[in-house]
Amino acid sequence: QVQLVESGGGLVQAGGSLRLSCAASGRTFSYYAMGWFRQAPGKEREFVAAINFSGSTTSYPGSVKGRFTISRDNAKNTLYLQMNSLKPEDTAVYYCAARMGATMMSDPVYYNYWGQGTQVTVSS
């Protein structure tokens with residue numbers, strides 16, 4: 001299995017930027033497709049970004065496309081989420097997740113391992 005630890009969350013003004021990191025340990029990081037999800041109070045967990053095992057393919061929903069960028073460094077066992085032009089509606093707890101296999105997915109049910117989450121708060 002793999003253990004995931006997120007970092008980099010915080011408070012930022014609207015229009016600002018944050019970079020989240022997710023450090024992985026355990027089994028070989030490159031065996032896993034990875035994703036970022038978020039959950040705001042009273043809402044369901046929402047897909048934010050996904051990347052395949054090699055980093056060659058990424059996917060985003062329309063709500064963050066063009067503002068967020070997912071990337072990974074398999075040599076450092078680390079996943080990243082660069083978030084630019086942040087909006088108050090981006091406020092949520094952000095989770096990284098791993099699924100065994102090469103293919104990225106947008107549905108959280110396909111992910112086997114989850115981090116503890118990091119809070120992102122965007123003020124207006």
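Note: Ser54 OG to Arg72 CZ = 7.5 Å, rounded to the nearest 0.5 Å. Atoms CD1 and SG, on Ile51 and Cys96 in that order, are 12.5 Å from each other to the nearest 0.5 Å. Distance CG/Asn77 to OG/Ser30: 8.0 Å, rounded to 0.5 Å. Atoms CD and CG, on Gln82 and Leu20 in that order, are 9.0 Å from each other to the nearest 0.5 Å.
Using a 4.5 Å heavy-atom threshold, the side chains of Tyr31 and Asn74 count as separate. Side-chain contact between Tyr60 and Arg67 is absent, with no heavy atoms from C-beta onward closer than 4.5 Å.
Between the side chain of Glu6 and the backbone N or O of Gly117 there is at least one donor-acceptor pair closer than 3.5 Å. Thr78 contributes a side-chain N or O that, together with a main-chain N or O of Lys76, makes up a donor-acceptor pair within less than 3.5 Å. Judged purely by atom type and a 3.5 angstrom limit, Gln116 has no side-chain atom pairing as donor or acceptor with the backbone of Val5.
In terms of heavy atoms, Ser123 sits closest to Leu11 at CB-CD1, 4.4 Å. When all heavy atoms of Gly9 and Val120 are compared, the closest pair comes out as CA-CG2, 4.1 Å. Closest approach of Met104 to Asn52, counting heavy atoms only: SD-N, 4.0 Å. Among all heavy-atom pairs drawn from Phe53 and Gly101, the shortest one is CB-O, 4.3 Å. The shortest heavy-atom contact between Leu81 and Ala49 is CD1-CB, 4.1 Å. Nearest heavy-atom pair across Ser85 and Asp90 is O-OD2, 4.5 Å.
Among residue pairs with one or both ends in residues 11-23, those qualifying as side chain to side chain donor-acceptor pair (under 3.5 Å) are Ser17-Asn84; sequence neighbours excluded. Applying the side chain to side chain donor-acceptor pair (under 3.5 Å) rule to pairs touching residues 91-114 yields Arg38-Tyr94, sequence neighbours excluded.
A continuous path of Ile, Leu, Val, Met, Phe, Trp and Tyr side chains, each step under 4.5 Å between heavy atoms, connects Val64 with Val12, placing both in one hydrophobic cluster. Under the 4.5 Å side-chain contact rule for hydrophobic residues, Tyr80 and Ile70 do not share a cluster. Clustering ILVMFWY residues whenever any of their side-chain heavy atoms sit less than 4.5 angstrom apart, transitively, puts Met100 in the very cluster that holds Trp36.
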Take Ser63 and Glu89 through the test side chain to side chain contact (heavy atoms under 4.5 Å, CB included) and record every step on the way to the result. CA-CA 10 Å; Ser63 58; Glu89 52 263 43; over 6 Å; no
Evaluation steps, side chain to side chain contact (heavy atoms under 4.5 Å, CB included), between Met34 and Phe29: CA-CA 9 Å; Met34 301 294 295; Phe29 182 60; 3.8 Å; yes
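Shown here are the ring-ring contact (aromatic ring centres under 6.0 Å, His included) partners of Phe47, two or more places apart in sequence or in another chain: Phe37.
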